[in-house]
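A quick write-up on the structure given underneath.
A quick note: this is a predicted structure, and the numbers were derived from the prediction, not measured. Residue numbers begin at 1 in each chain, while the letters A, B, ... track the order of the sequences.
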Amino acid sequence: MKYWLLKTEPESFSIQDLAAAPNRTTCWDGVRNYQARNFMRDEMQVGDRVLFYHSNANPPAIAGTAIVVREACPDPTAWKRGDAHFDPKASPDNPIWQMVDIQLDEIFPAPLSLDALRKVPALKGMELLRRGSRLSVQPVKKSEFDAVLKLAKGDEGIGRPKSC
DNA sequence: GCCAACGTTGGC
DNA sequence: GCCAACGTTGGC
């Protein structure tokens with residue numbers, strides 16, 4: 001099983017929108033970056049876990065988790081004239097762009113802001129926290145995913161003292 | 001709204 | 001294939 005982070009601007013599609021969607025599931029369409037597409041097309045599998053990230057938000061934050069429920073397939077919005085992500089080079093015969101389906105897993109009790117994430121030692125090398133990181137689909141290490149879940153549950157600093 | 005980072009485009 | 005111009009992302 002692999003772990004991912006998907007970015008979305010909550011103004012256009014938020015985790016609340018996902019919660020309200022039929023079957024709490026949505027097509028992750030509109031990705032128009034080759035590296036991001038390749039991750040979806042070549043590496044994402046049904047059952048993979050996803051961190052759901054709100055970019056251009058106040059504050060920017062990981063808002064919850066989701067699960068990949070359908071592997072990559074052609075993204076029909078690419079050849080839909082007038083669509084915000086219309087690509088004149090794409091067609092049903094040459095789709096170019098792909099999408100997956102994701103289903104909401106959980107909304108965190110409190111979103112984990114970039115600020116808070118930067119304070120977690122286990123996340124030091126996380127792609128999201130890299131300066132200039134712009135990829136909207138990025139791989140996440142298991143250790144990072146686990147650290148995020150732990151932070152979301154408010155476990156940090158509580159429990160067994162480090163010295164024991 | 002600024003601007004750094006980085007992807008894409010297109011002339012050559 | 002180089003690279004300057006341009007567009008986009010996204011934190012601040």
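- Distance, A/E127 CD to C/dT9 C1': 13 Å, rounded to whole Å.
- Residues A/W79 and A/F86 keep their aromatic ring centres 6.0 Å or farther apart.
- Projected onto DNA chain B by closest heavy-atom contact, A/K89 and A/S133 fall at different nucleotides, the more 5' of which corresponds to A/S133.
- Across the protein-nucleic acid pair, A/N38 atom CG and B/dG7 atom P stand 13 Å apart, rounded to whole Å.
- Summarising the geometry, the separation between CG on A/L117 and P on C/dG11 is reported as 11 Å, rounded to the nearest angstrom.
- For the pair A/D87 CG and B/dT9 P, the interatomic distance rounds to 9 Å; values are reported in whole Å.
- If you measure from atom CG of A/N56 to atom C1' of B/dG1, you get 12 Å, rounded to the nearest angstrom.
- Across the protein-nucleic acid pair, A/R131 atom CZ and C/dG11 atom P stand 13 Å apart, rounded to whole Å.
- The phosphate of C/dG11 (OP1 or OP2) has a side-chain N or O of A/Y53 nearer than 4.0 angstrom.
- Side-chain N/O atoms of A/K7 include one lying less than 4.0 angstrom from OP1 or OP2 on C/dG10.
- Taking atom CZ on A/R37 and atom C1' on B/dG7, their separation rounds to 14 Å, with Å as the unit.
- Between A/V31 and A/W97, every side-chain heavy-atom pair lies at or beyond the 4.5 Å cut-off.
- Between A/F52 and the choices A/L5, A/L18, A/T65, the side-chain contact (heavy atoms from CB on, under 4.5 Å) rule is met once, by A/L18.
- Between A/N33 atom CG and C/dT9 atom C1' there is a gap of 10 Å when expressed in whole angstrom units.
- Between A/R130 and B/dA4 there is no side-chain N or O to OP1 or OP2 distance below 4.0 Å.
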### Message
Run A/S113 and A/D115 through side-chain hydrogen bond (donor to acceptor under 3.5 Å, both in side chains) and show every step you take.
### Response
CA-CA 5 Å; A/S113 69; A/D115 245 19; 5.4 Å; no
